[in-house]
Amino acid sequence: MKNIECEERVLLTFEQYQQVLKKYIGLYPKEYRYFKNVNIYLDDENHTLINNSQMLRIRRINDKKEELTLKIKQDYGDLEINETLDSHPEIDRYLLIPFKNVKPITSLETTRVEIDIDD
C-alpha cells in the first residue's frame, strides 16, 4: 500500500507525557491498549539508502505481526510503501539497491499506547 505520510513530532518531558496519557486514558478508559513495537532498520554497508533519502524497516508488533516499510523523502512528507516480508514487489521497484543486499543496521524497541477516540 502506498501513501504520503506527513508527520509532526513534539518533544515532551516525561511529566508532560504522563499528563497527556493520564488525561486520555481517563477520557477513554476502555479504548486504550499497550503494545510492544520493534523497528529493525535495514541498509547496506555503505548506507546507500539513508544517504539517498530512503529508509527501509521491518516493524514487528507484539512479536507477531510484521510489516516491511520503505519511506522516501518527498518535498512534502514521505512516500510510504508498506508490504509483507514475503512479497514486496512495489518496494523492490523503488528500492535503490537489491533487497538481497540489505542487512539489519540497528533496531529500536518501544512500548506504545493506542487510544481509539472519536475525532
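Checked against side-chain contact (heavy atoms from CB on, under 4.5 Å), Thr111 has the following partners two or more places apart in sequence or in another chain: Tyr34. Contacts of Asn39 classified as side-chain contact (heavy atoms from CB on, under 4.5 Å), with partners at least two apart in sequence or in another chain: Asn37, Tyr41, Arg57, Arg59, Arg112. In this view, Glu80 and Lys71 satisfy the salt bridge (Lys or Arg N to Asp or Glu O under 4.0 Å) rule, not counting sequence neighbours. Taking Glu7 as the reference, Arg9 meet the salt bridge (Lys or Arg N to Asp or Glu O under 4.0 Å) condition, with sequence neighbours excluded. Residues that satisfy the salt bridge (Lys or Arg N to Asp or Glu O under 4.0 Å) test with Asp116, not counting sequence neighbours, are Arg33. Residues forming a side-chain contact (heavy atoms from CB on, under 4.5 Å) with Pro29 (at least two apart in sequence, or on another chain): Glu31. With sequence neighbours excluded, the residues satisfying salt bridge (Lys or Arg N to Asp or Glu O under 4.0 Å) with Glu66 are Arg60. Among residues two or more places apart in sequence or in another chain, the side-chain contact (heavy atoms from CB on, under 4.5 Å) test is passed with Glu67 by Thr69, Asn82.
In this structure, the side chain of Glu83 engages the main chain of Ile91 through a donor-acceptor pair within 3.5 Å. Panel note: side chain Glu5, backbone Asn3; no donor-acceptor pair is recorded below 3.5 Å.
Nearest heavy atom pair, residue Ile58 against residue Leu68, reads CG1-CD1, 3.9 Å. Tyr76 and Ile4 make their closest contact through O-CG2, 3.7 Å (heavy atoms, listed as atom of the first residue, atom of the second, distance). Taking each heavy atom of Ile40 and Pro104 in turn, the nearest pair found is CG2-CB, 3.9 Å. The nearest pair of heavy atoms linking Thr13 to Gln16 is N-OE1, 2.8 Å. The minimum heavy-atom distance linking Gly77 with Cys6 is given by the pair CA-SG, 4.1 Å.
Two residues are said to be in side-chain contact when any heavy atoms from C-beta on lie closer than 4.5 Å; Tyr94 and Leu79 meet this criterion.
Under a 4.5 Å side-chain heavy-atom cut-off, the cluster of Ile, Leu, Val, Met, Phe, Trp and Tyr residues that includes Ile61 is completed by Phe35. In the hydrophobic clustering, where aliphatic and aromatic side chains (Ile, Leu, Val, Met, Phe, Trp, Tyr) are joined below 4.5 Å either directly or transitively, Met1 stands alone. Summarising the hydrophobic clusters (Ile, Leu, Val, Met, Phe, Trp, Tyr; side-chain heavy atoms under 4.5 Å, direct or chained), the residues clustered with Leu11 are none.
Within the structure, every pair that satisfies the salt bridge (Lys or Arg N to Asp or Glu O under 4.0 Å) test and touches residues 35-45, not counting sequence neighbours, is listed here: Lys36-Asp63, Glu45-Lys103.
Leu42 and Ile72 end up in the same hydrophobic cluster when Ile, Leu, Val, Met, Phe, Trp and Tyr side chains are linked at under 4.5 Å. No continuous path of hydrophobic side-chain contacts links Ile105 to Leu70 [ILVMFWY only; heavy atoms under 4.5 Å]. Hydrophobic cluster membership is shared by Leu27 and Ile117, with clusters built from Ile, Leu, Val, Met, Phe, Trp and Tyr side chains linked at under 4.5 angstrom. Residue Tyr28 is grouped with residue Val20 when hydrophobic side chains (ILVMFWY) are merged at heavy-atom distances under 4.5 angstrom, including chains of intermediate members. Put simply, Ile97 and Ile81 are part of the same group of oily side chains (I, L, V, M, F, W, Y) that touch within less than 4.5 Å, one to the next.
Between the CE atom of Met55 and the CG atom of Asp78 there is a distance of 7.5 Å, given to the nearest 0.5 Å.
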Inset, instruction - Determine, step by step, whether Leu56 and Phe99 satisfy the side chain to side chain contact (heavy atoms under 4.5 Å, CB included) criterion, reporting the C-alpha distance in whole Å, the side-chain angles of both residues, the deciding distance to 0.1 Å, and the verdict. - result: CA-CA 10 Å; Leu56 184 65; Phe99 188 79; 4.1 Å; yes
